[in-house]
Amino acid sequence: MNDTDGFRCARCGTEDGEPLGAPPFANEIGRRVAREICPECWDDWKDRQMLLINHYGLNLQDREARSFLMDNMESFLFEEGEGEASIDTSKEGQIDWD
Ligand SMILES: [Zn+2]
């Protein structure tokens, strides 16, 4: 028995193991990830994030880019938010970050 007893990952539904534990961002969504997402799903998101960054040529200094990634992360991990961008849509090259 410990304080992670009863953990159930919000994405994959595993009840084994522990949540990520350390918030990856200092905000509400970061704390939610730390409580509700398992380390495996977080690794899945990091791979996905890298694909999105490369695919869209995102500059993480750019607020719009970070906001885009946050929306995608919420959709990816919690199936909510603005909706997940699809890697293979016709959006490529059509996003104007300015
Ligand atoms: Zn999981």
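Values below: all heavy atoms of this structure, side chains included; hydrogens, waters and symmetry mates excluded. Atoms within each ligand, like the ligands themselves, are counted from 1 in listed order.
Atom CG of Asn72 sits about 10.5 Å away from atom CD1 of Ile53, to the nearest 0.5 Å. Taken to the nearest 0.5 Å, the CG atom of Leu69 stands 8.5 Å off from the CZ atom of Phe25. Note: Arg66 CZ to Gln61 CD = 7.0 Å, rounded to the nearest 0.5 Å. Considering CG of Leu52 and CG of Leu58, their distance stands at 7.0 Å, rounded to 0.5 Å. The CZ atom of Arg11 lies 8.5 Å from the CD atom of Glu79; values are rounded to the nearest 0.5 Å.
Using cut-offs of 30° and 60° for the angle between ring planes, the Phe76 and Trp45 rings count as tilted.
Legend: protein N/O/S atoms lying under 2.8 Å from the Zn ion (ligand 1), waters omitted, number 4.
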